[in-house]
Amino acid sequence: MLEKLDQIEKQALTALEALEDEESLLQWRAEYLGKKSVVMDAFNVMRELSKEERPLVGKRANQVRHALESALEERRAQAKQTALAQALETEQIDVTLPGRPQLVGRLHPVTQTMRRIYEIFGQMGFQVYRSREVETDDYNFTYLNMPAHHPARDMWDTFYTDHEDVVLRTHTSPGQVHAMREYCPEPIRVILPGMCFRYEQVTARSEMQFTQVEGLAVGKDISFGDLKGTLSDFARRLFKSDVGIRFRASHFPFTEPSAEMDMECFICSGEGCPVCKHTGWLEILGSGVVHPNVLRYGGYDPAEFTGFAFGLGPERITMLLYQIGDIRNFWRNDLRFLEQF
Ligand code: DAH
């Protein structure tokens with residue numbers, strides 16, 4: 001038995017030298033120190049040995065077991081060291097390499113313009129009023145003084161839905177009636193920003209989907225003069241200069257009288273160029289004095305209340321502010337474009 005233990009010890013230690021990974025080390029332990037190994041078996045067979053032999057074998061078996069256990073620990077430590085040394089060698093970090101830049105997100109240019117618009121109107125006492133993007137035909141047209149079959153509806157190419165009378169709003173103007181019905185009979189001073197949709201051919205100047213900011217003031221003694229003053233001041237604050245503006249008579253079914261506001265062309269300063277189609281002026285919004293029928297639909301008595309309204313396109317304004325030539329850029333998601341703002 002003693003000889004057998006010597007032999008096994010030698011064999012085990014030799015075998016251990018060739019092993020590195022944890023899996024084969026575990027296998028080795030099972031083989032030489034496991035329940036069925038020769039070393040462990042020595043403790044079992046001891047009972048059958050003579051009195052003299054027993055302590056000798058017991059002592060030796062214990063020695064071998066400890067020797068193997070500590071050899072295993074040593075081997076493990078060594079293997080760890082080797083792996084570490086190898087990793088240090090192969091996974092060297094070059095600390096002199098330039099770092100990876102962190103991409104910093106930013107607001108979409110149109111969102112930036114919208115926020116600037118909120119800020120300016122906020123300073124003038126207007127609150128932001130949100131209303132829905134999906135509207136009934138009544139809100140989109142009828143309550144804005146365009147009864148069914150009225151030819152003025154043709155001015156807005158509309159997305160109709162499968163639901164009877166439900167449309168994607170073609171402008172933010174329906175929000176005027178929502179706001180009036182909520183505030184009546186209080187005076188109103190709100191802007192209504194949001195997405196609008198039109199069933200239109202997409203070109204450099206028009207999109208199927210775009211934002212608008214609507215404005216509405218209702219109260220007693222509100223006149224066309226208030227409209228002019230408010231919008232002129234708005235243009236001055238937005239474009240940060242004494243840019244020339246003009247009001248041009250126009251027609252909208254929901255305002256009477258109606259006007260469009262133009263600003264002096266920023267490219268040619270009024271001389272005339274291709275951008276302004278040689279007029280020297282660029283249109284930036286539609287506006288007017290709220291039509292009595294619209295006031296009535298909102299719950300107000302037009303004999304007592306008057307108001308003004310306007311609607312402007314933040315994409316258009318952003319194009320003017322940054323001299324962007326194609327409205328489709330806003331939805332292209334091209335970082336080369338977006339990162340410039
Ligand atoms: N809703 C009009 C459009 O989309 C713009 C507009 C014109 C809004 C005159 C108004 C307004 O509130 O008074 O073309």
Side-chain angles (χ1 to χ4, degrees), residues 114 117 121 124 126-133 135 137-146 150-159 167-180 183 188-200 205-219 222-232 234-235 245-263 282-295 297-298 300 302 305-317 327:
M114 302 265 274
I117 294 170
F121 282 111
M124 299 185 193
F126 284 76
Q127 286 187 315
V128 172
Y129 186 97
R130 305 242 170 216
S131 76
R132 58 193 68 160
E133 293 176 358
E135 278 292 359
D137 179 281
D138 279 344
Y139 274 95
N140 200 75
F141 295 115
T142 314
Y143 301 155
L144 294 171
N145 201 28
M146 287 176 273
H150 193 288
R153 290 184 173 211
D154 290 350
M155 277 160 67
W156 292 272
D157 307 279
T158 310
F159 282 112
V167 303
L168 301 191
R169 68 172 172 192
T170 54
H171 47 183
T172 42
S173 306
Q176 288 187 30
V177 182
H178 287 293
M180 284 193 240
Y183 284 107
I188 300 178
R189 219 186 280 180
V190 292
I191 51 171
L192 307 107
M195 196 61 81
C196 305
F197 309 86
R198 292 199 193 159
Y199 184 56
E200 273 193 359
R205 285 180 65 78
S206 63
E207 261 282 13
M208 298 206 310
Q209 187 178 338
F210 53 90
T211 55
Q212 278 192 343
V213 176
E214 188 87 8
L216 174 69
V218 176
I222 290 187
S223 70
F224 194 83
D226 296 313
L227 162 71
K228 273 184 92 170
T230 305
L231 293 179
S232 313
F234 162 73
I245 54 164
R246 72 172 184 188
F247 287 84
R248 191 164 31 80
S250 181
H251 167 75
F252 298 102
F254 31 91
T255 43
E256 179 60 37
S258 305
E260 280 170 277
M261 188 170 101
D262 297 340
M263 69 174 253
L282 294 162
E283 177 205 325
I284 60 171
L285 57 84
S287 61
V289 172
V290 181
H291 195 285
N293 283 348
V294 178
L295 285 171
Y297 277 119
Y300 289 86
F305 286 90
T306 49
F308 69 77
F310 57 89
L312 52 86
E315 278 88 351
R316 270 286 181 81
I317 288 181
I327 198 169

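Just so we're clear, the structure is a prediction, and the values are computed from it rather than from any experiment. As the structure lists them, so they are numbered: ligands from 1, and atoms in each ligand from 1.
- Taking the ring centroids of Y139 and H178, they lie under the 6.0 Å cut-off.
- D157 and T170 form no side-chain donor-acceptor contact under 3.5 Å, judged by distance and modelled atom types alone.
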task = Apply ring-ring contact (aromatic ring centres under 6.0 Å, His included) to F234 and F121, showing your working.
result = CA-CA 7 Å; F234 162 73; F121 282 111; 4.7 Å; yes
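- Protein residues having at least one heavy atom under 4.0 Å from any atom of ligand 1 are W156, H171, S173, Q176, R198, Q212, E214, F252, F254, T255, G286, S287, G288, A309, F310, G311, listed by chain and number.
- Scored by the side chain to side chain donor-acceptor pair (under 3.5 Å) test, R189 finds no partners at all (sequence neighbours excluded).
- Checked against ring pair (Phe, Tyr, Trp, His ring centres under 6.0 Å), F159 has the following partners two or more places apart in sequence or in another chain: Y199.
- Partners of T142 by side chain to side chain donor-acceptor pair (under 3.5 Å), not counting sequence neighbours, listed by chain and number: D138, R153.
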